[in-house]
Amino acid sequence: MSILLLMQAAGEPVATTDLPSALAAVYRDNPGIAADREGLKVLDEDVATARAAGRPSLLVEGSLARSELDVVGTGGIVGIRLAQPVYRGGRVTANVRAAETNVLAGRQSLRESEIDLMLDMIRAYSAVLRDRENLMLYDQTVAALRGLVGGEETRLSLGERTVTDVAQTRARLAGELALREAASQRLAQSQQSFVQLVGSQPGTLAPLPPLPALPPTEPDALAQALDANPAVERARLAAQVARFQTRAAVGNLLPTIDASASVQRRDEIVQILNRDVRQSLGTGTITVTIPIYQGGGEYAAIRRARHVTNVRELEIVEAERTVGYQVAVAWNALRAARAATVQLEQVVTENETALRGTRRETELGSRTVLDLLNAEAELRNAQIALSNSRHETYVAGASLLAATGALSPESFGATINRYAPEAHFEQVADRWIGTRP
């Protein structure tokens, strides 16, 4: 067992030093994405199944009979038969094309899952950093208030403060302790989201790296999304699959041609000849089947396939609108978060100045303890708001990259061994025999 697994089994955190390594780890080890890759292999096998419908079949046939009438004895027939579909109304070709196109759609679905997973990882990583920073701010505030409470109690004993001053300080400390517990709970939740994705506790996390280059304008982002978003491409490929399936359904109305050849060895009792017959036979057959009427089910299948095609065409429009919505939401969220961050940085700076002045004035007696408590709370609240805004800015930028289809571990500088679905497809799509995956 590796050291990594032993540390995880013991519940010890495994350090993830930076975001690129976290993205690489989740891309490599996340069970959800591994399941999606296995699901794509199922679609690869559908291609092999579709191709098999146009291949020859080789059968060994035999029968055994016992006669107890005029001629008593045991006889039988043994032979081998080769059958080859020659023409199936175009159904084989259409089904193969449908299966191959469905594989391409499945690859886009896998890519969509990868992008969603990377976005979840970025969100969880940034949330842990944010919540750790916020908890640290609460710890600093609590430590400062504990010292202030002690000082106020001492001044009360000297007659320099009133009971009201001390009560206000104690009440503010109790409130900060409650807020700290809530912040601790949020951090625990963020860390569990990290564990769910990576499989281990977050260690010491490096600061977030700069975001990759973003589209310069919202129209550029939308154009890129419509061209590269995997959900849109998957919808387009699904419509192609439906068209091929319609062609296959139409093939049920067309003639079929089958060829077969057989060799038999007969050793059987023929009562009408009153003797045992032994002979070898070789036959070749070409069968043409022209459907005239088959109960109407084939027409219903064609109508159904055409309705499915209409559904898939509408789903393209729906996917494009959904992607447009995602781009607009991410773009506006990014713009708003950036503007808020700039303003909050100024708020923090001004509150730091105000707190320094309030402390001096409180020492001189021109400000009350309540004024000092309020100044400290305003600074703490501004710092937390700034931390939250930076998190929202980063996540909004990553969401914009996800909507445009440009979010990947590589875009953040991660080095990964990218999964290549083509390897399994080439291995099994034209495979004629074998049961091992």
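Because the structure is a prediction, the values reported are computed rather than measured.
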Scan the side chains in residues 183-198 for donor-acceptor partners under 3.5 Å anywhere in the protein, sequence neighbours excluded, and list what turns up.
residue	atom	partner	partner atom	Å
Ser190	OG	Asp131	OD2	2.4
Ser190	OG	Arg186	O	3.1
Ser193	OG	Gln189	O	3.2

Does a side chain donor of either Ser113 or Asp116 reach within less than 3.5 Å of an acceptor in the other side chain? no
By side chain to side chain donor-acceptor pair (under 3.5 Å), Asn102 pairs with (sequence neighbours left out) none
Sorted by chain and residue number, the side chain to side chain contact (heavy atoms under 4.5 Å, CB included) partners of Leu237 (sequence neighbours excluded) come out as Thr101, Leu104, Ala105, Gln108, Glu233, Gln240
Quick note, side chain to side chain donor-acceptor pair (under 3.5 Å) partners involving residues 210-228, not counting sequence neighbours, are Thr217-Asp220
Practice prompt. Would you please test Asn417 and Arg28 for side-chain hydrogen bond (donor to acceptor under 3.5 Å, both in side chains) and show each step?
Written response: CA-CA 8 Å; Asn417 183 18; Arg28 181 184 63 246; over 6 Å; no
Closer than 4.0 angstrom, basic N to acidic O: yes or no for Asp120 and Arg123?
yes
Please report, to 0.1 Å, the donor-acceptor pairs under 3.5 Å made by any side chain of residues 375-382, with sequence neighbours excluded.
residue	atom	partner	partner atom	Å
Arg380	NH1	Glu176	OE1	2.2
Arg380	NH1	Glu176	OE2	2.9
Arg380	NH2	Glu176	OE2	3.3
Asn381	ND2	Ala377	O	3.2

Check the surroundings of atom CZ in Arg97: do more than 12 heavy atoms from other residues, nucleotides or ligands lie under 6.0 Å from it? no
Would you mind writing out the side-chain donor-acceptor pairs for residues 137-145 within the sub-3.5 Å range, not counting sequence neighbours?
residue	atom	partner	partner atom	Å
Asp139	OD1	Arg180	NE	2.4
Asp139	OD1	Arg180	NH2	3.4
Thr141	OG1	Leu137	O	2.9

- Message: Take a 6.0 Å sphere around CZ of Arg132 and say whether it holds more than 12 heavy atoms from other residues, nucleotides or ligands.
- Response: yes
With a cut-off of under 6.0 Å to the ring centre and 45° to the axis, is Arg37 in cation-pi contact with Tyr27?
-> yes
Side chain to side chain contact (heavy atoms under 4.5 Å, CB included) filter on Leu364, not counting sequence neighbours, yields none
Minimal heavy-atom distance between Leu19 and Leu208, with the atoms involved, is CD2-CD2, 4.2 Å
Applying side chain to side chain contact (heavy atoms under 4.5 Å, CB included) to Thr322 and not counting sequence neighbours gives Glu318, Gln326
By side chain to side chain donor-acceptor pair (under 3.5 Å), Thr246 pairs with (sequence neighbours left out) Thr309
Contacts of His391 meeting side chain to side chain donor-acceptor pair (under 3.5 Å) (sequence neighbours excluded), chain-then-number -> Ser126, Arg130
Partner of Arg236 under salt bridge (Lys or Arg N to Asp or Glu O under 4.0 Å), picked from Glu320, Glu315, Glu313, is Glu320
Original post:
Does the pair Glu363/Arg360 count as a salt bridge with the N-to-O cut at 4.0 Å?
Top reply: no
Residue pairs meeting side chain to side chain donor-acceptor pair (under 3.5 Å), one or both in residues 427-437, sequence neighbours left out, come to Arg55-Asp430
inquiry  = If only side-chain N and O atoms count, and only distance matters, is there a donor-acceptor pair under 3.5 Å linking Asp46 with Thr49?
reply    = no
Check: With the threshold set at 4.0 Å, does a side-chain nitrogen-carboxylate oxygen contact exist between Arg390 and Glu345?
Finding: yes
Legend entry - Within 6.0 angstrom of Ile286 CD1, more than 12 heavy atoms from elsewhere: no
On a heavy-atom basis, the closest approach of Leu373 and Gln168 is CD1-O, 3.8 Å
- For Ser387 and Asn134, run side-chain hydrogen bond (donor to acceptor under 3.5 Å, both in side chains): C-alpha distance rounded to whole Å, both residues' side-chain angles, the deciding distance at 0.1 Å, then the answer. CA-CA 7 Å; Ser387 175; Asn134 291 348; 3.3 Å; yes
The side chain to side chain contact (heavy atoms under 4.5 Å, CB included) partners of Ala238 (sequence neighbours excluded) come to Arg312
